[in-house]
Colleague: 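Next up is a structure, given as structure tokens.
Chain letters run A, B, ... following the sequence lines, proteins first, then strands; residues in each count from 1. What you see is a predicted model; the values in this text were computed from it and never measured.
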Number of protein chains: 2
Amino acid sequence: MITSRKNRKQELEQKAASLFRERGYTATSMRDLAQHLGIEAASLYSHIKSKEELLHKTCFDLAESLFQSLDALNTLDLTASDMLKRALKNHLEIISADSDRAMVFLHEYRHLSEPGRTLFLKMRKDYEQRFMLIIRSGIRNGEFRKVDEKITTLALLSAVNSTPVWLKKGKDMQPGALADLLSDILINGISSAVLERT
Amino acid sequence: MITSRKNRKQELEQKAASLFRERGYTATSMRDLAQHLGIEAASLYSHIKSKEELLHKTCFDLAESLFQSLDALNTLDLTASDMLKRALKNHLEIISADSDRAMVFLHEYRHLSEPGRTLFLKMRKDYEQRFMLIIRSGIRNGEFRKVDEKITTLALLSAVNSTPVWLKKGKDMQPGALADLLSDILINGISSAVLERT
DNA sequence: CCTACCGATCGGTAGG
DNA sequence: CCTACCGATCGGTAGG
């Protein structure tokens, strides 16, 4: 049956992401993966071509999701501040929805062989650039102070991308609420002082 | 000669950190490492007991440096804001001074075998806790708003710890200046608006 | 620091 | 999805 084949392959990809996240891509053997699925290692190859195919698919599927959610915001006419909040919320929702895949995307991509690895890094840079442009527009229209665009962007994304590490599954807060909280800290800071600003 | 032996071992540790950072611990073979040093793989074992010893030493040496720099601040009587800035600056200086080791400390520790891994995680948690207490004291004495202590701490440390990834060696800015910049963004935010705060 | 070598494990294939 | 198997490579040791 077509559906059962699809489900089996999805199950395989999900379990692979889980193991790649937990032990790292290199330290996960195809025998580990097969054992977790209750089959022999050789049987994996009736579903996939290679171990790297699993890594490749995870990395590029997630990249596509992130770009699509960002594209969807382009039609909206928002302030830089609101745009940043929305982009952040989308980003956080995507990486929270499947944190195993997100962690593989974030940390295991470097085991991609060429030319995949270079392409991946190019896409990631483009994505960061899109965030940077939001911050830049906010600085230009006066919403934001003249902070360093690059450093602010990368610091922000790093903080957001680390949430799967310290956010317990199910517990803690919803991605939307967490995005609001992180946006608030970034935009307003943690100081209670009322400052004179330009 | 004692000194040349010491130098050789340090060279070995340095090169190992560099390779572990670049390819990951698991994907780095002892033959890779030996080749970069111009010797045979078997010869490595006259300097070290095992591959993991290299990982272990890197992780725990760096942890000790971080704790020591934090302890040195305890004798000072500072506001929470200044304490946070100082702690951040020390942290950033340590991880910037040897970014290869820092990246191994940050991302490869999970390949430590037990009980090392558990001990390491306990130390890291203690360290994060120390930062959290600084933020908490700032909230209690009114310097900071009532932000979520845990999330603020982890977001901050994640941002800081990601700097070796995007900070080009030699180029860009000094760790001290970068620490000031990140502290400023965290404490004051990026908004240009003058807000009423409590 | 070297040569010679070990058992274990790796990703993957052949053929059913 | 299985049995049977392959060449390559792994961390590490013996003995010098």
Colleague: Quickly work out the B:L44 CG to C:dC2 P distance and round it to whole Å.
Modeller: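 The answer, rounded to whole Å, is 9 Å.
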
Colleague: May I have the distance from B:L12 (atom CG) to C:dC1 (atom P), rounded to whole angstrom?
Modeller: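 Interatomic distance, CG of B:L12 to P of C:dC1: 9 Å.
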
Colleague: Quick one: B:Y45 OH to D:dG11 P, roughly how many Å, whole number?
Modeller: 6 Å

Colleague: Can you tell me how the ring of A:F20 sits relative to the ring of A:Y25, calling it parallel under 30°, perpendicular over 60° and tilted otherwise?
Modeller: perpendicular

Colleague: Quick one: A:L19 CG to C:dC10 P, roughly how many Å, whole number?
Modeller: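 Going from CG in A:L19 over to P in C:dC10 covers 13 Å.
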
Colleague: Under 3.5 Å, is there a donor on one side chain and an acceptor on the other for A:T153 and A:R136?
Modeller: no

Colleague: Strictly below 4.0 Å, heavy-atom distances to any atom of DNA chain D: list the hits from residues 27-41 of chain B, or just say none.
Modeller: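 Close to the strand are B:T28, B:S29, B:M30, B:R31.
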
Colleague: Take the protein atom NE2 of A:H47 and the nucleotide atom C1' of C:dG12, then report the distance between them rounded to whole Å.
Modeller: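 The answer, rounded to whole Å, is 16 Å.
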
Colleague: When you look at CG of A:D71, are more than 12 heavy atoms from neighbouring residues, nucleotides or ligands closer to it than 6.0 Å?
Modeller: yes

Colleague: Find the distance B:I48:CD1 to D:dT13:P and express it as a whole number of Å.
Modeller: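 About 10 Å, once rounded to whole Å.
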
Colleague: Which string of ( ) [ ] | and . matches DNA chain D, if you list each base 5' to 3' and count Watson-Crick or G-U pairs only when both distances are under 3.5 Å?
Modeller: ||||||||||||||||

Colleague: How many Å lie between CD on B:E11 and C1' on C:dC1, as a whole number?
Modeller: 14 Å

Colleague: Around atom CD of A:Q14, are there more than 12 heavy atoms of other residues, nucleotides or ligands at under 6.0 Å?
Modeller: yes

Colleague: For D:dC1 and A:S46 - does any side-chain N or O of the residue sit under 4.0 Å from the phosphate oxygens OP1/OP2?
Modeller: no

Colleague: When the aromatic ring centroids of B:F120 and B:F105 are compared, is their separation below 6.0 Å?
Modeller: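 Yes, the ring centres sit under 6.0 Å apart.
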
Colleague: Give a yes-or-no answer on whether the side chains of B:Q68 and B:E64 include a donor-acceptor pair shorter than 3.5 Å.
Modeller: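 Yes - a donor-acceptor pair under 3.5 Å links their side chains.
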
Colleague: Say whether A:T26 and B:R23, considering side chains only, have a donor N or O and an acceptor N or O under 3.5 Å apart.
Modeller: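 No pair is found: no donor N or O on one side chain lies under 3.5 Å from an acceptor on the other.
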
Colleague: Identify which nucleotide among C:dT13, D:dT13, C:dC2 has an atom closest to any side-chain atom of B:S43, counting heavy atoms from C-beta outward.
Modeller: C:dC2

Colleague: Given D:dC1, D:dG12, C:dG11, which nucleotide is nearest the side-chain atoms of B:S50?
Modeller: D:dG12

Colleague: Are the side chains of A:M123 and A:Y109 in contact, using a 4.5 Å heavy-atom criterion?
Modeller: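 In short, these two side chains do not touch, never coming nearer than 4.5 Å.
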
Colleague: Atom NE2 of A:H111 to atom P of C:dG11: distance rounded to whole Å?
Modeller: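 One finds 12 Å between P of C:dG11 and NE2 of A:H111, rounded.
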
Colleague: Quick check on B:E52: does its CD atom have over 12 non-hydrogen neighbours (other residues, nucleotides or ligands) under 6.0 Å away?
Modeller: yes

